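This report concerns only the one structure given below.
Just so it is clear, the structure is predicted and the values come from calculations on it, not from any experiment. Just so it is clear: chains get the letters A, B, ... in the order the sequence lines come, proteins before strands, and each one is counted from 1.
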Amino acid sequence: MMMQSAGRYLVESARQIALAMARAGVQAALRPPLLAERYQPGELLDRQRARWSRLSAQAVQLALRAALATLDAVLDELDLTALVLQRVDLDRVVAAVDVDAVVARVDLYAIVDRVPIDRVLDRVDLDAVARRLDVEAVIDRVDLNLVAKRIDVDAVAARLDLDAVVARIDLVGLASYVIEAIDLPEIIRASSGSIASDAVRGMRMQTINADAQVNRIADRLRPHRRHPNGHRPDGYPPEPEDRAP
Amino acid sequence: MTGTPTREPDYHDPTAAGAAIPREARQYQGGRAGLVSRLAANTIDFLLVVIAITAGYLSVCGLLFLWRPSRFRFPSLSSLPILLIGGVLLVGYLTAAWISTGRTYGDFLLGIRVVDHRGARMRFATAVARAVFCAVFPIGILYVAISPMSRSVQDLVLRTYVIYDWSHQPLPSGRSNRLPAD
């Protein structure tokens with residue numbers, strides 16, 4: 001074992017020494033100390049390498065230009081749309097697109113700002129749209145009570161020009177119609193008569209009662225005759241005591 | 001004379017003639033008016049005539065004063081001219097009232113009305129005769145108290161009736177069911 005390790009050490013050392021000597025030899029060959037730098041082989045190699053680099057870059061540019069020109073010519077000759085439609089399964093492509101993500105990235109407000117609304121509205125036939133609307137269904141879905149609660153009636157009334165409304169009403173004709181419809185003269189006559197009779201009514205009822213008392217006294221003084229239907233012969237309704245069984 | 005006055009159906013109809021009549025009075029409508037009501041009405045009418053005579057007398061005095069203020073004296077009238085003027089005035093007033101509305105102002109206040117035997121408005125001749133009879137023989141009304149049908153002497157002679165009638169509807173001139181003949 002020791003012999004093998006010593007052998008490998010010696011071989012490695014020899015290889016290192018050989019490499020160092022080769023490196024020094026190459027260095028000395030490429031850059032001899034006594035030779036002017038511009039004539040040294042290493043310097044010549046460096047200049048040649050730079051020249052080759054420039055030439056290769058120019059060649060690559062020329063090749064790219066040629067390739068692009070060739071590609072343009074090819075593309076001009078090809079109908080790419082037809083080729084895509086023929087070769088590409090667009091349904092699969094569209095299915096693979098995350099439309100939500102696309103929409104999320106779209107600035108709709110910016111798009112709307114760019115839309116000429118007035119021109120769009122000018123081209124819209126609103127009458128035709130209105131004819132197609134199911135207004136009944138719309139109304140059914142509207143909570144009119146809620147809408148009515150939110151209406152500021154006072155504000156609406158404050159904006160009303162009542163003078164103009166009243167000016168357009170034929171008040172004289174309306175009053176004549178109402179008076180004719182409700183027979184106002186008869187009401188006035190009846191009400192005034194009833195007011196006056198408030199005082200007279202008591203007097204009338206008192207005299208009626210007095211008449212009845214006088215007739216009762218007279219009935220007791222003369223031979224009594226009672227009508228079969230309960231009414232007294234003088235035409236009065238039966239008195240309470242007469243109605244008693 | 002055994003008939004019973006039928007109550008006017010309209011009196012009990014709140015939508016028709018009975019609308020302005022109080023409920024408690026509707027049962028009496030069409031019934032024969034008694035002595036107290038008729039006496040009160042006649043008293044009011046008599047007072048009206050007295051007031052009218054007084055007003056006429058004062059008017060004449062005023063004219064005389066304006067005509068000759070220096071020689072003015074209240075004119076003296078004997079009782080006969082006053083009675084004649086009052087009688088004529090009373091007869092004219094009663095006749096006009098009975099043939100027009102069937103009621104004098106006193107009758108109106110007391111809610112009574114004079115009708116003929118058909119229950120209708122009296123004819124002119126009947127009204128004149130009744131007015132004269134009432135003016136000449138006013139105590140005939142006292143017979144109402146003892147009459148079984150509450151009729152005065154004038155009513156018996158001229159076949160008229162005095163009924164309770166608070167309605168404001170005019171009395172028909174023809175035959176009416178307001179009061180049937182007895």
Side-chain angles (χ1 to χ4, degrees), chain A residues 176-245, chain B residues 1-8 11-12 17-44 105-112 119 142-151 161-169 178-180 182:
Chain A
S176 301
Y177 173 76
V178 172
I179 289 171
E180 184 179 352
I182 64 176
D183 195 5
L184 188 58
E186 177 61 28
I187 291 176
I188 292 173
R189 188 173 56 188
S191 59
S192 59
S194 64
I195 291 170
S197 68
D198 282 341
V200 172
R201 182 185 304 170
M203 178 180 66
R204 288 179 176 178
M205 291 306 298
Q206 283 183 355
T207 55
I208 287 176
N209 293 331
D211 289 343
Q213 296 231 0
V214 170
N215 282 307
R216 267 200 298 277
I217 294 171
D219 278 347
R220 287 172 187 161
L221 294 178
R222 65 178 174 240
H224 197 76
R225 287 191 303 168
R226 188 182 294 276
H227 197 270
N229 65 2
H231 282 89
R232 301 200 328 246
D234 54 6
Y236 292 103
E239 297 297 332
E241 61 185 30
D242 295 336
R243 294 190 187 111
Chain B
M1 301 290 283
T2 57
T4 302
T6 340
R7 298 297 178 264
E8 173 67 28
Y11 293 132
H12 305 279
I21 299 174
R23 186 184 305 275
E24 68 272 15
R26 289 179 190 167
Q27 60 175 331
Y28 297 105
Q29 301 305 304
R32 307 290 167 80
L35 179 65
V36 179
S37 297
R38 295 175 63 166
L39 269 179
N42 289 356
T43 303
I44 291 171
Y105 185 68
D107 294 340
F108 167 74
L109 288 180
L110 272 299
I112 60 179
L142 296 178
Y143 186 68
V144 173
I146 58 175
S147 166
M149 299 298 295
S150 294
R151 302 177 79 179
Y161 300 88
V162 179
I163 61 172
Y164 295 118
D165 187 359
W166 292 21
S167 71
H168 296 280
Q169 288 187 335
R178 192 162 294 210
L179 181 73
D182 53 356

With B/Y143 via side-chain contact (heavy atoms from CB on, under 4.5 Å) - residues at least two apart
B/I146, B/S147, B/V153, B/L156
For B/V36 against A/T207, the heavy-atom pair lying closest together
CB-O, 4.2 Å
What are the two closest non-hydrogen atoms of B/A145 and A/V214, and how far apart are they?
CB-CG1, 4.3 Å
To the nearest 0.5 Å, what is the distance between CD on B/E24 and CD1 on A/I208?
9.0 Å
Nearest atoms (heavy-atom pairs only) where A/D211 meets B/A33:
OD2-C, 4.3 Å
The reported gap from OH in B/Y164 to CZ in A/R204 (rounded to nearest 0.5 angstrom) is 11.5 Å
By side-chain contact (heavy atoms from CB on, under 4.5 Å), which residues pair with B/A40, not counting sequence neighbours?
B/L110
